[in-house]
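Down below is the structure, laid out as structure tokens.
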Amino acid sequence: MNLHERGVGDGDLIERARDGNHDALEALYERHGQMLFALAYHLLCSREDAEEVVQDLFVGLPLSLRRYEEQGAFVAWLRRIVVRLSLDRLRRESRRAALPIDPAMASTAHTLEPELSDLRTALERAIAVLPQDQRTVFVLKDVHGYSHAEIAEMLGIRKGTSEVRHFRAVRTLRRALEEYR
Amino acid sequence: MTIWMRHPGEQEIAAFADRLPTPARIVRHLEHCERCRRDVAGRRELIASARELSAPKLDRGPLVRALARLDEGERLLLPTEPSVTKTQNAWRFVAAAAIALGALGTGLYFAGGMRELRAGTNVGDLQMTPAYPRRAATIDLVYRAATVLEKSPELVVRAEFYMLDGSRPSARRVAVLHPSRSNIFRGTLVLPDSAAYAVLAVEDSAARYVDTNNGKFWGIMTHDEANRPTLPAFDGVVTAFVTRDQDSTLRAARRATELYADSLQAWHLLGFAEANALGEENVDTARMRKQLSQFGDSLRNRPDVPASAMTTLWFWSSRLEDSLRANYWMRRLAADHPRSRNGISVRSSLLWHLMKDDPAAGRKAVRKFWEEMRAECARGLKDGTYETTTSQLDSLRDQELIGFVSRIALRCGIDTMDVARNMLRSPSLQDEALDVLRAKVRAMTNEVDAYRDLGETRAEAERALQSRRKFAYAALGEALIGTGAVNAGLDTLELAVRDMWNLRLFRRVAAIRLSATDTAGALQLLAKVAADPGTPRKFVDSVRARLNVAGAREAEWRVLLNQAGTELHSTMLSRAVTRALPIDPRMRQMDGREVPLSSVTKNKLTLIVFWGTKCGPCIQEQPELVALKELLARDSIQLVTVPEDTRTDVETFLRKRKMSLPVLLDGRREASKAFKLPWIPHHVLVDGKQRIRFEHIRLDEVLAAAAAIRWSDSKGKGLASH
């Protein structure tokens, strides 16, 4: 059976990936890799770090899938792990705290695609220089569509705290974008 | 109108911009307010742009690298559980604490963070879920084996539990780990209901190798509903690591005061950890006094003060020499919590005073107290309780009562060796004592694991047990001869003195052999005593005179002495180590100057004695130490003593006793750490190259050990020169 066919459900792939089947892992990568990478990339503002998160995720999948009890959507489960891996990386390295505030440097901190609109370029720069806790909430909420309740659970904070961080992020971003205009 | 004119709050605007249900008041306001409408539009534009944010295209690189890592056998456990859930957020910082402590090596949980399972040659990696276990939780264990363990068909996890009542049963097997795939072992363990904290080690089923995580072990703290580590769990960490890793105790105690600032127990842990990790002089006594008066005064009038708080108040009051408060809390502990662990111990010491003041009333009270213990003896009865009672009874020579108390103590699990020795003193109890001793020797031979500490291999436990067994044999042999079974007694004594070097035992057994008219056997042992460099010439002469060693016997004596010399070297060297100190500890001399230890020990064989002015056994051995000083000097062995106390305390202590000892202060506790000080008194022989050569030696073995080191070093040189 060709595992890359669309007809093969995640369930079959999970079964095989549990045993470390390379084809199954590859199929999962092709199916969900880009979306998971984007999530890590927005949280970490670094292509290299985001790639490492995806890499770690796939190294850990066979062992960790044994704990996956298929009670929730598989994709949501993967996304949550990517968020945790990314936050863990941020915490471990505290790299973002020392991120330069200079927008020129911020733009070199991550890859910008030439076809991005100017507004999006400016937004991306502004996000990169947000304080880490605000950036995390903003990215999860507005870029990836999580609710405050979900964010609170993932980050282990109160819903109110998530909301406050979000207000602050939005306020900062809007100021930054007004300056841009 | 006024309502409309008041601008909605940022939160309300954000909710509207998010298209969430919005109160009519806000909607009406927005209809009339241009500024707020711009605000909403700006937010929506921002959100729309954010949703369109893209990311670079992902190539196959990460997948290829991930598959290669999997092929190399790497296994990662992903953070599949939330680091902290919503209801736990009040204690989010606990997670950080757990991580900090975990990094410290106490092996606390890694709260949600991902960690690679990586194993080395001697140290594996153990991961435990859930991250916040409650009491009686079932814990999943995943162990990536140390190289030395990876070929084992199965592995065993042993644990030392720290119970809620403060007791600490000996280490036992709690889980079996089965291999799941390439080097990963899995299993589960169930925490006992009343355990607050557990320390784990992993070993092969024959206990040939034990993975202690480099002496840091792995710990499981129980957590409360808010996912905070419980206070008894912190107590467990402090107790467990006070002889193992004092930095861990200090950090755990600090964390406890942060989480439980309103608990006296937490402050007690901090004071206790500070005293052990930083030195007595670095305990913040002003803070402890403040806490004591603050807590003590507020608790004094309350009827429901817990036993742990009373114990703490008593402990610190007496430590800070506030005898009024100490006395008050000691008596309240005995009255309010008579059956708590410390309540029992306090009551037994109060009995001791009563027996001294009024023997008749004391005897009656002792009987009543021990009858109560018999009824529920398992509850926290400590060895000290038995000793306190019997030491007083002994002076009263009340054999009947000693028998009564001893039998209950045996039933209650008090160390049988002490009880048996005690019973042997009473002729009417000797037969019973013999049975106890036989059972003890049997247990020490057949149930090594029951005596094996966490982290000890079976061989190490055997060695440690050997000397305890020898004393049991000696006591048994002596008792057998006492009851008329002379031959059986002599045979048992033979077992006692074989393969060990213990002058005290040699002399004792020689005296017993002489009284049983086994002169040849006695001579053999006395030759060993004479061959020991610590034995005074006078003693040797008196032996020779008494046993009439002259003429034909002279040759026999020489042969015996030669044999004894060889035996001394081989027996002592079998216990020797050669281990460099990890650091050169900075010490302070009594004049206040700071010196590295190496500057004192360089090129000299040095006996280092760790002691304390408040440590009973240390004080007891001091006359022996003072007597040894001359002999050490004669054999060019330097003596250094390292007290745990402050300079003022040491000065006062030595002045009061009119003693002089060479002292180096260990204010920073660097020496304690470098020598992994397990307890005091502790004696170590260090050579001129800063290497530990002997540890855990008794003072009467020091000269023999030094002779063995010199003999072995000279032999080494001799061999090297060939």
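First the proteins, then the strands, lettered A, B, ... as listed; each starts at 1.
Among pairs with a residue in residues 47-70 of chain B, none fulfils ring pair (Phe, Tyr, Trp, His ring centres under 6.0 Å), at least two apart in sequence or across chains.
Chosen from Leu63(B), Val64(B), Asp71(B), the residue pairing most often with chain A at heavy-atom distances under 4.5 Å is Leu63(B).
One distance of note links CZ of Arg31(A) with CG of Leu13(A); it measures 5.0 Å at 0.5 Å rounding. Between Leu126(B) atom CG and Asp211(B) atom CG the span is 8.5 Å, to the nearest 0.5 Å.
Both the backbone and the side chain of Phe58(A) come within contact range of chain B, with heavy atoms under 4.5 Å apart. Contact of Phe37(A) with chain B is made through the side chain alone, with heavy-atom distances under 4.5 Å. Contacts between Glu51(A) and chain B at a heavy-atom distance below 4.5 Å involve backbone atoms as well as side-chain atoms. Heavy atoms closer than 4.5 Å to chain B are found in both the backbone and the side chain of Leu57(A).
Results of the side chain to side chain contact (heavy atoms under 4.5 Å, CB included) test with Val190(B) over Val174(B), Ile139(B), Thr138(B) single out Thr138(B) as the only residue that passes.
For Asp39(B), the salt bridge (Lys or Arg N to Asp or Glu O under 4.0 Å) partners at least two apart in sequence or on another chain are Arg174(A), Arg43(B).
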